[in-house]
Structure formats: C-alpha cells, structure tokens
Amino acid sequence: MPIDFEGLRVVSFESRKAAEMAELIRAAGGTPVIAPSMREIPLEQNSEALTFAKLLLAGWIDVLILMTGVGTRLLVNAVSTKYDTSQFIEALKSIEIVALGSKPVIALREIGLAPTMVLPKPHAWSDLLATVDEQYPVNNKRVAIQEYGQSNPERIKALEDRGAQILPVPVYRWELPEDLAPLRRAIRDIIGANTDRADFALFTSATQVQHVFQVASMDGLESKLQDAFREVCVGSVGPVASRACTEQGVTVDYEPDTPKMAHLVREMARRGRDLLDKKRIASANRVDTNQWRRIDMVWQPSTDGQRTIADSVFMKACRREETPYTPIWIMRQAGRYQREYLRIRKKVSMLGLCKTPELAAEVTLMAVDRLGVDAAIIFADILLVTEPMGLNLEFVKGEGPVIHNPVRTRADVERLNEPDVNELAYVFDALKITRRALRPDIALIGFAGAPFTIASYMIEGGKSNHYVKTKTMMYRDQATWDALMERLTNILIAYLNGQIAAGADAVQLFDSWVGSLSPDDYRQFVMPHVKRLIHGLDKSAPVIHFSTGNPALVPLMKEAGGDVIGLDWRSDLAAAWSTLGDDVAVMGNMDPIVLYTSPTEIRTHVQAVLDKAAGRPGHIFNLGHGILPDMRPENVAELVDAVHELSAKS
Ligand code: CP3
C-alpha cells in the first residue's frame, strides 16, 4: 500500500505547472509524460474584442448579446488594453444589452451597467429566439454576440435568418500550445500506438480536456482516443474538469475530495494501481469502462495464483494468524465526509440508497477504492430491521433516525410483526453485487445492531441522552423487555445468517449504546440475548462484537461471544487485551477526534495504538467509533496509510 506508481507512465497535460507536475509524479514513483496542452492568450491579442470596441465607438452596433460572465469580463479587459475603459462603458450605455442568465448581469454590475433585458436560463438559446421573435425583432439591427471560446455558427445563422447583421465576438483565454509535438505523442501513447503505453492520464483543468480532444480530432483520432481511455486510468482534479471529461464521453476514475494537484497525484499513486488493474480486467471482460460503475468492474474469476479471500489480511487477523501488516477498516468509511457520497445522496434519500442494491454496492466499493482499506463494510443501517417488524422508520435531516410509532408497552411488543427477513433482501442483494466486484482478497463485512442498541431506538423513537424510557421498561417490566429482546434476537440471527449466505466474509454486531449500562445490568438484561444471537450464527464467518462507552463491559462482551472484540478509545488496548486473553482478536481503537488534527498527530496516535497491540497476531486497526461527517477525507486516507506503513513487517 505504499504511495507509488510503480514506475507506470503518467501523462500530465499541465502547461504552466508542467515542471511541478513532473516532480510530483516522479516523487510518487511514476514515469512522467509531460504534454502541455494550453497557452495563455494575452488580452491584447483578442482581436475580435478589439474590432467590436472599434465598431461600438463608431456607432455601428445596436445590440450586444452577452452569453457568459467570464466572457463579459474578458471582453471588457481585452478592450481596456487598447481603449479608454470609461469611454467604452459610456458607449455601451447607448446600445441595447441582452444578458443570458445571471452571470453576465453580475459582470455588468461590476462596471456599473445593467442589461436592457435578461433572459433566464435554462433553455436559454431557444428562449432567446422566441423572445427575439415576439418582442424584440432584430430585423435590420446590427447585433454583436459575445461567445466564450469557440463561436457557434448555428446561433449566428438563426439570428441572420431573422434579418440581423451579426458580429460574432468570440473571446479567448487559452489557445493550443505552439509546439503540439509532445501533446500529439502523448495522445498516441494513450491510444497505444507507441511502444510506451500510457497508464494514467491526469487532467488539472477543463480546458486541457477540450484541447486534448481538439488535437486528437485534428489528427482524426478523436474516437480512437475516446476508446483508449477505457484502459487508461483517468484522474481529474475537480468537478469542472470531470464534467469536461464526461462531455467527451470519458469516465473519470478518480477525483480527489480536495481539488489540488498534489492531492490528485498522491491519491492516484495510492490507489491508482488497483483502479487501473480493475479497469483493464473489466475492459478485457468487455465492460464499457467509459460508462463504468464500480459494480460492473468485476475481478476475473479466481484462477491459479490469483488472490483469494484466503489471502485476506483482515480475515487472517480475525483468526489471529500472523499478517505482513496490521489490517485496517474504519467504521462509517462510506458517508457524508466524502464528496462523492454527498453527490449520490443529493439524488436519493438515505433509505432509498440502502434499498437500491446497485447504489449501496457502489457506495461500499467507492470507500474501498478511495481509502485502500482491507475490508469493505456493506452500506446499510442498523435500524433497517425495524421496518419488517412493523415500525415506521425515517432518517430526518439534521436529526438522525426517527421511529414514528415507538414501542412503549407490552401491547406494543405483542403487536410487532412476526418479521420476514426476506423483506431485507435488498441488503443481501447489495452484498452479492459487492462481493462480485470487490477485489477477491478484500473482505466484505456484514453487520447488524445488537438487540439493546436497536431496542433503545425502538423505545425512545430516536436518539437519546439517558435512555430513560428504555431503562424504565427494562427495570420495571423485565418480562416485556425480554419479550422485545427475544423478538429482536430472532430476526437478527436470520438477518446475519442471510448476510453470510449472501457473501459476507465476517459480520459485526454494533452494540453502540450498551455502554450506558452497568456490568450487572448488562449481565442481567443483555448478555443472555447476545449470547443466544452469536451462538445462532453460521460459524463460517468470524463475528466482531463492538460496543462503546464502558470499558468495564469488555470482559462481559467476550463472555457473550465474538471472535473479535471491538474496543472504543476509552479502553487501554494493551490492558483490555490482557484481560480478554489471547484466544480472541481485538479491533480498535484510536480516538476518532484525532482525525481533526494533522497528519503528524495522526501518525503519533497510530503508533501509540500499534505499540499497545505490540505486534500480537489478531489486531485489526479501527477508530474507537465512526468517522464524523465534517472530518477531512485526506486525514482519513492518511490514517490508512499510516497504519499500513507503521505496522509493516519487512
Ligand atoms: O460505512 C459504514 O460504516 C457502513 C454504513 C453504516 C451506516 N450506519 C450508514 C449510515 C453503519 C455500519 C451504520 C450503523 C449504525 N447506524 C449505528 C451503529 C454504528 C455507530 O455509529 O455506533 C447506529 C447507532 C446507527 C443509527 C444511525 N443511522 C445514526 C445514529 C445515524 C446518523 C444520524 C446523523 O444524521 O448523523 C444514521 C444514519 C446513517 N447511517 C448515515 C450513514 C452514512 C448518515 C445518513 C446520511 O447520508 O444522511
């Protein structure tokens, strides 16, 4: 898991920062292929803008149509290189100005002007023509039309057809470089026409994408290039460059959460080799990776010498076998701290995401692709099981999970459905899809909430500080409490066994809120149920038994069962493990809040946890609890790297 391109060939289209990119790529172990794709055009060389100014000042122009905000500013700046700005602005006041959308309006305001007419976007161009026809005939008018970058002949013709005299005013910022040889060579490297084939292509602006395709089309190679990107790993610095790739029919394989060049290179080096292998295998299996979804990128069926789940470092640690390094996965590794996750969540609710197996699998795999963790955890939620029991579950923005018909009385418990676990088949389907697409030696973790933690939501109706209603039922009416716990335990056994049958290599039981109990209460009200639950599980999958909040419960959790005990940060890992004994593996337990600090601080804390584990077989690294939504994704990635590096036994 080192940050290393392993000598593979990495194309960068940077111009101004070409040397810097080459250095970054080299430092990450790659072979840089530098192909500058842009040249900045000095403002005074925008000759169409200057012609426009001349005609405007001569009184020839009647109407100016402004298409973009960037172009409007560029036009003013270009004109200002030759003409007096205030005179130019005065002249603009005497003509009609039509703005498309709000962006040109803002740019006009900056120079103290307001448009005569604003036409709303979208459907901007057809709206414009309709309005022109109805209210503003351009017949015999002299119309200048500002366009950013390339001129659009159809637009111009449509206006000419209406009897206008048109002056196109394309304004430019970027031009192709004078020497196109390096770019042409790189395009051929990508296509595979040269002996040295390109493995990675990094785009650090949208214009680079457009220029690469422009040059390819000059050489008649446009569609070849598009095809070739199916086997080259494509990195984009941010959303704008990514959109430009999509427009060219190329799917971006990686976009860092922070849109910076150094991050792009680093993250591509970290995970790129895996993405590249996956992409090429998928392509060999005739998956169209220009339209790819991670779930389609299935690893080749196991053949001799290929990695299998038997090689999984995580699974070995569950069995307390020696491992070459300490495996790590992170609770909530897929979630709102990731920009890509938020992008998906914009289009679908939390429940909708859980209930769409392809999307749940996609989100699960995305976290593994981005972080390089040793296990995937299926994207789902511990409260999903409450639905087949007859409860009305909702995830409310800013508030968390809410159950609208909470369970408060014996009658409420009696009224619960005899649940059919197949109502949760969407989770099983997500596991099946994920297992197929996941690298064979990366483990897939299924999970469920433990009965106490789920019961607390069922009784309280949502999150709680003191679990007043939960504990009151428990203390006052143990029969009702036990009846509820029994029903929960039954469905959880079926649910987890269903997950194992669907492909979960291990399962985790989250007893997140049980730490609110004393050891005696745990023994009396919780342990019998958890014991029965774990006992009822298919033995082929190791069980991780996790709780937070109360280190005194840890020995009792072991008594209740589990192959791995998950600790939160309040436990001293060394002391807890000594108490637990060597016949159990341990997961944990860095304080998640450390992720708010710095890479240096993170490394120090990682080392401290590793020191507590002292190289004993059976340690799985994790945070003491989940990642929080406002944590920096780079710091999460740093954690994974630090664990792998600092624990490596060379
Ligand atoms: O990556 C993973 O760890 C897998 C996914 C996962 C989620 N929830 C997704 C989720 C897992 C393992 C859980 C378990 C879970 N859910 C627990 C136990 C783990 C723990 O943190 O102790 C608990 C207590 C829940 C109940 C629950 N669901 C809470 C408290 C919340 C967060 C409420 C909030 O808004 O902060 C949820 C919703 C939830 N579950 C989210 C995610 C990614 C956020 C949903 C969103 O995108 O809006």
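Read the numbers this way: they start at 1 and go in the same order the structure lists the ligands and their atoms. Side chains included, hydrogens not; waters and symmetry mates left out as well; all remaining heavy atoms used.
The distance criterion of under 3.5 Å between nitrogen or oxygen atoms is not met by W329 with respect to ligand 1. For a threshold of 3.5 Å applied to N or O pairs, the pair formed by R332 and ligand 1 contains at least one separation below that value.
The R345 neighbourhood of ligand 1 comprises atoms 46 (C), 47 (O), 48 (O), with distances under 4.0 Å to a heavy atom of that residue. Counting the atoms of ligand 1 from 1 in the order shown, those under 4.0 Å from a heavy atom of S512 are 18 (C), 19 (C), 20 (C), 22 (O). Atoms of ligand 1 found under 4.0 Å from any heavy atom of G400, numbered from 1 in the order shown, are 33 (C), 35 (O). Every atom of ligand 1 is numbered from 1 in the order shown, and the set under 4.0 Å from a heavy atom of H625 is 20 (C), 21 (O), 22 (O). Atoms of ligand 1 found under 4.0 Å from any heavy atom of F395 (numbered from 1 in listed order, with element): 28 (N), 37 (C), 38 (C). Of all atoms in ligand 1, numbered sequentially from 1 with element shown, those under 4.0 Å from a heavy atom of M331 are 3 (O).
Among all non-hydrogen protein atoms, the one lying nearest atom 40 (N) of ligand 1 is D381 OD1, 2.8 Å. Ranking protein heavy atoms by distance to atom 36 (O) of ligand 1, first place goes to R336 NH2, 2.8 Å. What sits closest to atom 23 (C) of ligand 1 on the protein, heavy atoms only, is I382 CD1, 3.4 Å. Among all non-hydrogen protein atoms, the one lying nearest atom 11 (C) of ligand 1 is F447 CZ, 3.5 Å.
By the 4.0 Å N-to-carboxylate-O rule, E414 lies close enough to R410 to be salt-bridged with it. A salt bridge links D277 and R273; the closest N-O separation between the charged side-chain nitrogens and carboxylate oxygens is under 4.0 Å. Here R532 does not pair with E486 in a salt bridge; the nearest charged N to carboxylate O distance is not below 4.0 Å.
Note: W513 and Y457 have tilted aromatic rings, judged against thresholds of 30 and 60 degrees for the angle between ring planes. By the 30° and 60° cut-offs, the orientation of the rings of H619 relative to W577 is tilted. Y495 and F428 have tilted rings, their planes meeting at an angle from 30° to 60° on a 0 to 90° scale. Taking the six-membered ring where tryptophan is involved, the planes of Y341 and F379 are tilted, since the angle between them lies from 30° to 60°.
Ligand 1 has I378 within reach: a non-hydrogen atom of the residue lies less than 4.0 Å from it. Ligand 1 lies out of reach of G626, whose nearest heavy atom is not under 4.0 Å from it. Within the structure, the closest approach of A380 to ligand 1 falls below 4.0 Å when heavy atoms are considered.
Residue M350 holds the heavy atom nearest to atom 45 (C) of ligand 1 of all those in K463, M350, K397. Proximity annotation for atom 47 (O) of ligand 1: of Y337, Y341, W513, Y341 comes nearest, heavy atoms only. Distances from atom 30 (C) of ligand 1 to the heavy atoms of Y457, F510, F546, F379 put Y457 nearest.
You'll find the side chain of K558 stays beyond 4.5 Å of the side chain of V554, heavy atoms only. At least one side-chain heavy atom of D253 sits under 4.5 Å from a side-chain heavy atom of W292. With contacts defined as side-chain heavy-atom distances shorter than 4.5 Å, the pair R570/T548 qualifies.
Counted by atom type alone, D630 and Y596 present one or more donor-acceptor pairs between their side chains at under 3.5 Å.
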